[in-house]
Amino acid sequence: MYDVIIIGAGVSGSAIARELSKYKLDVCVLEKEVDVCCGTSKANSGIVHGGYDAKFGTLKAKLNKRGNDMMEDICNKLDVPFVRNGSLVVATSEADIERLEKLLENGQKNSVEGLRIVFADELRQMEPNISDAAVAALHVPTGGIVCPFELNLAMAENANVNGVEFIFSQKVINIT
């Protein structure tokens, strides 16, 4: 008998398992595939979003910001490479700048730090290979990248070392 059964050993299931492994609980992860990260998580882009675009006041906005803030520490603890390389949301026309301003405002409401709009000259200094059509961009210094497979695997391994049981090739077909 388990205290908690988690369905799925993707990045979300493995992260939950890792967190629950810190407590005195009997936790099991059921995964229909033969290993962790065989589903959607393995195809994840690996982009750690800055938090500027989720609608202010939503749970998504809150969790996006919080997850971004936590990512560097989690990756350091698990020895997973993480690069906070920032991101650029590019405008290719003067009309698109209004969209950048709305994203900037929304990001500021979401407490995303360091957001600013950069224009063509500075943009080309930041990214020399940017399209000639680029006229401005929202610079998001909090954006980053991580290998989703490495992160998923590291979280699952940490959870397992801490006592979480993983059972593979077990598809959940009914819950009573």
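Source: prediction; values computed, not measured.
Taking 4.5 Å as the limit, some side-chain heavy atom of E94 sits within range of a side-chain heavy atom of V135. Between F149 and N44, the closest side-chain pair of non-hydrogen atoms is not below 4.5 Å. Inter-residue side-chain proximity for V89 and Y52 is flagged as met; some heavy-atom pair is nearer than 4.5 Å. Between T142 and R84 the shortest side-chain heavy-atom distance falls below 4.5 Å. Using a 4.5 Å cut-off on side-chain heavy atoms (C-beta onward), N64 and H49 make contact. Residues C75 and L151 have side chains in contact (heavy-atom distance under 4.5 Å, counting atoms from C-beta outward). Side-chain contact check for S87 versus I47: every heavy-atom pair is 4.5 Å or farther apart. V140 places none of its side-chain heavy atoms less than 4.5 Å from the side chain of L103.
Residues I74 and V80 share a single hydrophobic cluster, defined by chaining ILVMFWY side chains whose heavy atoms lie under 4.5 Å apart. Placement of V27 and M155 in two distinct hydrophobic clusters is found when ILVMFWY residues are connected by side-chain heavy-atom separations under 4.5 Å, directly or transitively. Under the 4.5 Å side-chain contact rule for hydrophobic residues, V29 and L20 share a cluster. Under the 4.5 Å side-chain heavy-atom criterion for ILVMFWY residues, a single connected hydrophobic cluster contains both V172 and I5.
Remark: E122 engages R116 in a salt bridge, criterion side-chain N to carboxylate O under 4.0 Å.
Between atom CD1 of residue I173 and atom NZ of residue K32 there is a gap of 13.0 Å, rounded to the nearest 0.5 Å. Distance check: Y2 OH to L30 CG gives 8.0 Å after rounding to the nearest 0.5 Å. Taking CD of Q170 as the start and CD of E31 as the end, the distance is 10.5 Å to the nearest 0.5 Å. To the nearest 0.5 Å, atom CG of residue N158 and atom NZ of residue K77 are 10.0 Å apart. Atom-to-atom distance recorded for E157:CD and E150:CD is 10.5 Å, nearest 0.5 angstrom. To the nearest 0.5 Å, atoms CG (D96) and CG (L138) are separated by 12.5 Å.
In this structure, D73 places its CG atom where more than 12 heavy-atom neighbours from other residues, nucleotides or ligands lie under 6.0 Å away. For NZ of K55, the number of neighbouring non-hydrogen atoms (other residues, nucleotides, ligands) closer than 6.0 Å is 12 at most. Around CZ of R66, the count of heavy atoms belonging to other residues, nucleotides or ligands within 6.0 Å does not exceed 12. Dense packing is recorded around CG of N76, with more than 12 heavy atoms of other residues, nucleotides or ligands lying under 6.0 Å away.
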